[in-house]
Amino acid sequence: MHDSVITFIQDLAVIMIVAAVVTVIFHRLKQPVVLGYIAAGVLVGPHTPPFSLINDEHTIKVLAELGVIFLMFSLGLEFSFRRLLRVGATALIAAVLEIVVMIWIGYQIGLWLGWNNNLDALFLGAILAISSTTIIVKALNDLKMKNERFAQLIFGVLIVEDILGIGLIALLSGVAISGSVSGSDVALTISKLTLFMVVAMLVGILLVPRILSYISQFRSDEMLLVTVLGLCFGFCLLVVKLEYSMVLGAFVIGAIMAEARELHRIEQLIAPVRDMFSAIFFVAVGLLLDPHIMVRYATPILVIAGAVIIGKVVSCTIGAMIAGNDGRTSLRMGMGMSQIGEFSFIIASLGMAYKVTSDFLYPIAVAVSAITTLTTPYLIRAADPLAKRVARLTPRPLSRIVSLYGEWLNNLHPHGNSAVIWNMVKRILIQIGINMAVVIAIFLCSAYLTINLGDDFLASWIDDADWRKSLIWGSTLVVSLPFLIAAFRKFKALSMMLAEMSVRESVTGRHTQPVRRIISEILPLLFLTGTMLFLSALSASILPKRESLILVIFCIIAIVFVLRRWFVRIHSRLQIALYETLDHEEENEQEKNAKPH
């Protein structure tokens, strides 16, 4: 057997044996098992005297990356669109406020500590921004508080944080490569990431659950597990090829599989693999930890841990109150969010991988996570008594102001017919946005494939470059037609609603209907014109010359005139398939709630 294979097996055996012993001790001491894994990594790591049991850096990195993939994949499997929508406003406001405040606090602490590298301060802010889903869920399970309202709000915030955390990692990767950050770079990165996630989720939800449903018909757990792992690693490879992080791929493919009918069975099959590699991930965190640096930076660690607890409690509490929740629920939610965990390790590892952060940042992140993990259960227990005490001490005028603010927010929500109309408008806008995202993705993919693959292939068939571009651009537009027609139809329906609501008979008299008809016809034409101009700019690299472009457009108009109903029928079938898949989410969630905790 090859020496490297023997070394790998030896390292893995040492890790598992030591981790098993240490976690049993931590469990007996009623301490979080996650800390036991990290402690086991420190014990066998290369920085612990008198001798180190694990020295192979390649082994450590491979184990850590596998652990990250399975950790983020399992978080994706727990993703729920319905749960996110139920606590949407609170989750979004609290998560965004918390992340912004904690990035600012972390950056300011880095500058205050005199760190010469500004990227150290920026990465510290990002490390402090995202709370730990693993630690919070474990703590709430242990305290039997998982079904309370504040816990449901926490889960919603965690989902939003996971999504924003993925974007933050992608943004930091760009910063690490370029060494700087600008407003245009941030906007471009966020736009590209949003487009990718929308299209990946849409296409994935249409395809992956059906693949899994087909494989499950064979009633072979082995086949289903291999398929799930193949899809997971395959999608991660695709994401890496697109120059995004594997973390993004693992989370997105997990969220897609969460829509499958077989979710419960997949979770049962993946649980042992997930638990093993998640444990290895936290052990790998300990392997990279240097205790000497922790002792040397004891003061910054304590300062940062205090900032995490205070900053997250205050920002999450205020965010929840801004969203209209009462003070007691808001404070309980804030005190449950006051820790950092797996995302912080991933962000710290990112800085190390790109060699843009100092060596001391990673041990500081681990130490702060350990401290805040220990304090989390105590803070959750203390939240209710503290909330009651704060309520007693709060002056009555201030309590009255908070109560009036909640009533004012409630009155802002549309009621009756207004609520029905608003829900219809919101649904139409979402459908238009999804269809346009697919169209943009098709044009971007076409331009990318043409530049890297297609043009040379077509050159052997068509000599003229302008004719090649005409064929490529026209074919791309034809493929996009089902989604463009759907977006146009939805926008026309929206225009008719706006015309009905905005043009009143009391003002325009007998001209009411003609004015409404003009508005409902002009707005869709403006939308179509703007869309075509935008797509032309987006696909400038494959856009033919003016004469050829006009010819292509006339051909497309003829195709639309002849095959319009066929395109509408294709889109309708895709939409029905999407809704059927999403309807399974409610069944999956009911199954989860029915399982004993």
Subject >> Closest heavy-atom pair and its distance - Trp115, Ala121 >> reply: CE3-N, 4.2 Å
Original post:
Has the side chain of Ser131 got a donor or acceptor atom that lies under 3.5 Å from a matching backbone atom of Met337?
Top reply: yes
**OP:** Check the pair Leu124 / Thr357 against side chain to side chain contact (heavy atoms under 4.5 Å, CB included), numbers first and verdict last.
**Re:** CA-CA 10 Å; Leu124 177 63; Thr357 56; over 6 Å; no
Subject >> Close side-chain approach of Met335 to Ile380, heavy-atom, < 4.5 Å >> reply: no
**OP:** Determine, stepwise, if the pair Met16 / Ile280 fulfils side chain to side chain contact (heavy atoms under 4.5 Å, CB included).
**Re:** CA-CA 8 Å; Met16 288 301 183; Ile280 288 174; 3.5 Å; yes
**OP:** Report the residues that fulfil salt bridge (charged side-chain N to carboxylate O under 4.0 Å, His left out) with Asp275, sequence neighbours left out, ordered by chain and then residue number.
**Re:** none
**OP:** Determine whether Met333 and Thr317 make a side-chain contact, defined as any pair of heavy atoms from C-beta on separated by less than 4.5 Å.
**Re:** no
**OP:** Hey, could you give me each pair passing salt bridge (Lys or Arg N to Asp or Glu O under 4.0 Å) that has a residue in residues 298-320? Not counting sequence neighbours.
**Re:** Glu98-Lys312
Original post:
What's the shortest heavy-atom distance between Gly319 and Ile93, and which atoms?
Top reply: O-CG2, 3.5 Å
Original post:
Are Phe73 and Met257 side-chain neighbours, meaning at least one heavy-atom pair lies under 4.5 Å?
Top reply: yes
Original post:
Which pairs count as ring-ring contact (aromatic ring centres under 6.0 Å, His included) when at least one residue sits in residues 297-327, sequence neighbours excluded?
Top reply: Tyr297-Phe360
Subject >> side chain to side chain donor-acceptor pair (under 3.5 Å) assessment of Ser358 paired with Asp120 >> reply: CA-CA 7 Å; Ser358 302; Asp120 281 339; 2.6 Å; yes
**OP:** Please say whether more than 12 non-hydrogen atoms of neighbouring residues, nucleotides or ligands are located less than 6.0 Å from CG in Leu207.
**Re:** yes
Subject >> Minimum side-chain heavy-atom gap Val283-Ile38 below 4.5 Å >> reply: no
**OP:** To the nearest 0.5 angstrom, please state how far the CD1 atom of Ile256 sits from the CG atom of Leu77.
**Re:** 11.0 Å
Original post:
Of all heavy-atom pairs between Leu231 and Ile253, which one has the smallest distance, and what is that distance?
Top reply: O-CG1, 4.0 Å
Subject >> For the student: nearest non-hydrogen atoms of Cys316 and Ala94, plus distance >> reply: O-CB, 4.3 Å
Original post:
Is there a side-chain contact between Val22 and Tyr37, using heavy atoms and a 4.5 Å cut-off?
Top reply: no
Original post:
Would the number of heavy atoms belonging to other residues, nucleotides or ligands and lying under 6.0 Å from OH of Tyr378 be above 12?
Top reply: no
Original post:
CD1/Ile127 to OH/Tyr362 distance, rounded to the nearest 0.5 angstrom?
Top reply: 10.0 Å
**OP:** State whether the side chain of Ser369 and the backbone N or O of Ile340 hold a donor-acceptor pair below 3.5 Å, judged by distance alone.
**Re:** yes
Subject >> Student check: side-chain heavy atoms of Leu212 and Arg261 closer than 4.5 Å >> reply: no
Original post:
Roughly how far, to the nearest 0.5 Å, is CD of Gln268 from CG of Leu263?
Top reply: 10.0 Å
Subject >> Atom pair CG (Leu113) and OG1 (Thr299), whose distance is rounded to the nearest 0.5 Å >> reply: 9.5 Å
Original post:
Taking Thr227 for the side chain and Met223 for the main chain, is one N or O donor matched with an acceptor at less than 3.5 Å?
Top reply: yes
Subject >> For Leu224, the option from Ile270, Leu229, Leu269 that meets side-chain contact (heavy atoms from CB on, under 4.5 Å) >> reply: Leu269
Original post:
Taking C-beta and beyond as the side chain, do Val101 and Ile318 meet within less than 4.5 Å on heavy atoms?
Top reply: no
Original post:
Between Met201 and Glu259, does a side chain to side chain contact (heavy atoms under 4.5 Å, CB included) hold up when you go through it step by step?
Top reply: CA-CA 10 Å; Met201 293 290 286; Glu259 304 301 326; 5.9 Å; no
**OP:** Taking all non-hydrogen atoms of both residues into account, name the closest pair between Leu164 and Ala95 and its distance.
**Re:** CD1-CB, 4.4 Å
Original post:
Are any non-hydrogen side-chain atoms of Phe251 and Val239 less than 4.5 angstrom apart?
Top reply: no
Subject >> Taking every non-hydrogen atom, the tightest pair across Gly165 and Phe343 >> reply: C-CE2, 3.9 Å
Subject >> Nearest-0.5 Å distance that lies between atom CG in Leu386 and atom CZ in Arg381 >> reply: 15.5 Å
Original post:
Say you draw a straight line from CD of Glu148 to CG of Leu153; how long is it, rounded to the nearest 0.5 Å?
Top reply: 11.5 Å
Original post:
Could you walk me through whether Ser344 and Leu128 pass the side chain to side chain contact (heavy atoms under 4.5 Å, CB included) check?
Top reply: CA-CA 7 Å; Ser344 304; Leu128 305 187; over 6 Å; no
